[in-house]
Amino acid sequence: RTELENYIFCVMRSILWIPLVTEHQVKYIIKISSHTLEINWPKEYIPRLRLLGEIIANAVITKQTELALQENEQRFRKFFEEVPEYCFILSPAGIILDLSTAALRMLKYKKEEIVGKPLKTIYAPESIIKMKRIFSRWKRTGRIINEEMTIIDKRGDRRTVLLSAN
């Protein structure tokens with residue numbers, strides 16, 4: 001016998017290993033052991049224990065995925081807030097959902113003053129028709145490249161910008 005076999009034979013009276021399988025690989029193992037009782041696990045327990053293993057493995061994967069998503073969201077938020085360019089996020093209906101710090105500075109709005117407003121809020125009246133046409137094209141194709149637009153800030157000052165989106 002190996003040292004491990006001797007240890008198991010002398011110390012453990014009963015051991016049950018439940019592999020936690022994810023993506024067709026054993027990622028973790030749950031070990032149930034008894035030092036005092038020898039337990040012969042009934043065969044009908046095996047499917048239940050496998051199910052238990054799958055439930056635990058799926059919970060572990062879900063938690064790992066949630067943590068990775070939170071980390072990615074934090075990285076995106078940091079990038080979005082610190083990007084020096086004018087950036088904003090829109091809903092499919094053209095409602096402003098978020099703006100970068102640079103965009104807020106340029107437009108002279110506080111975030112709570114502009115979020116939830118329609119996109120036309122930040123465009124000069126003469127740019128509204130073009131903005132609607134470009135927005136429709138963006139929804140259809142997913143891209144806008146270097147479209148010259150006139151925006152208007154909270155004080156009414158105008159600025160010409162190049163709009164690109166994808």
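Remember, it's a predicted structure, so these values are computed and weren't measured experimentally.
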Undergrad: Looking at every heavy atom in both Leu163 and Ile144, which two are closest together, and how far apart are they?
TA: O-CG2, 3.5 Å

Undergrad: Determine, using the 4.5 Å side-chain heavy-atom cutoff (strictly less than), whether Leu90 and Val161 are members of one ILVMFWY cluster.
TA: yes

Undergrad: Please round to the nearest 0.5 Å and tell me the distance separating atom CD1 of Ile114 and atom OG1 of Thr121.
TA: 5.0 Å

Undergrad: Treating Ile, Leu, Val, Met, Phe, Trp and Tyr as nodes and any side-chain heavy-atom pair under 4.5 angstrom as an edge, say whether Ile61 and Leu67 lie in one connected cluster.
TA: no

Undergrad: Sub-3.5 Å donor-acceptor pair from the side chain of Ser127 to the main-chain atoms of Thr150, do we have one?
TA: yes

Undergrad: Indicate yes or no: at least one non-hydrogen side-chain atom of Ile122 is less than 4.5 angstrom from one of Met106.
TA: no

Undergrad: Do Ile128 and Leu119 belong together in a cluster built from hydrophobic side chains that touch within less than 4.5 Å?
TA: yes

Undergrad: Drop me the distance from Leu99's CG to Arg105's CZ, to the nearest 0.5 angstrom.
TA: 12.0 Å

Undergrad: Taking side chain as C-beta onward, heavy atoms only, is Asp153 less than 4.5 Å from Arg159?
TA: no

Undergrad: What pair of heavy atoms forms the shortest contact from Ser164 to Asn146, and how long is it?
TA: OG-N, 2.9 Å

Undergrad: Report the distance from atom CG of Asn58 to atom OG1 of Thr65, rounding to the nearest 0.5 Å.
TA: 10.0 Å

Undergrad: Under a single-linkage rule joining Ile, Leu, Val, Met, Phe, Trp and Tyr whose side-chain heavy atoms are separated by less than 4.5 Å, which residues share a cluster with Ile129?
TA: none

Undergrad: Using a strict threshold of under 4.0 Å (side-chain N to carboxylate O), is an ion pair present between Glu71 and Arg75?
TA: yes

Undergrad: Could you tell me whether Glu82 and Lys78 have a side-chain N and a carboxylate O separated by less than 4.0 Å?
TA: yes

Undergrad: I'd like to know if Ile152 and Phe135 are part of one continuous hydrophobic network [Ile/Leu/Val/Met/Phe/Trp/Tyr, side-chain heavy atoms within less than 4.5 Å].
TA: no

Undergrad: Roughly how far, to the nearest 0.5 Å, is the CD1 atom of Ile89 from the CD1 atom of Ile95?
TA: 14.5 Å

Undergrad: Should Ile145 and Met149 be counted in the same cluster of Ile, Leu, Val, Met, Phe, Trp and Tyr side chains packed under 4.5 Å apart?
TA: no

Undergrad: Which word best sums up how the rings of Phe88 and Tyr86 line up, parallel for under 30°, tilted for 30 to 60°, or perpendicular for over 60°?
TA: perpendicular

Undergrad: Counting C-beta onward and ignoring hydrogens, is there a side-chain heavy-atom pair between Tyr109 and Ile96 closer than 4.5 Å?
TA: no

Undergrad: For atom NZ of Lys132, is the number of surrounding heavy atoms from other residues, nucleotides or ligands below 6.0 Å larger than 12?
TA: no

Undergrad: So for atom CD, which belongs to Glu66, do other residues, nucleotides or ligands contribute more than 12 heavy atoms lying within a distance under 6.0 Å?
TA: yes

Undergrad: Report yes or no: does Ser100 contribute a side-chain atom to a donor-acceptor pair with the main-chain N or O of Glu85 at less than 3.5 Å?
TA: yes

Undergrad: Taking all non-hydrogen atoms of both residues into account, name the closest pair between Cys87 and Ala103 and its distance.
TA: O-CB, 3.6 Å

Undergrad: Do Glu147 and Arg133 have side-chain heavy atoms sitting under 4.5 Å apart?
TA: no

Undergrad: Contact between Tyr123 and Lys120 at the side-chain level, heavy atoms closer than 4.5 Å - yes or no?
TA: no

Undergrad: Which heavy-atom pair separates Pro84 from Ala102 by the least distance, and what is that distance?
TA: O-CB, 3.4 Å

Undergrad: Which ILVMFWY residues are connected to Leu51, directly or by a chain of links, through side-chain heavy atoms under 4.5 Å apart?
TA: Ile55

Undergrad: Salt bridge (Lys or Arg N to Asp or Glu O under 4.0 Å) for Arg77 and Glu81? Distances and angles first, verdict last.
TA: CA-CA 6 Å; Arg77 174 59 49 196; Glu81 291 299 326; 2.8 Å; yes

Undergrad: Does atom NZ of Lys111 have more than 12 heavy-atom neighbours from other groups under 6.0 Å away?
TA: yes

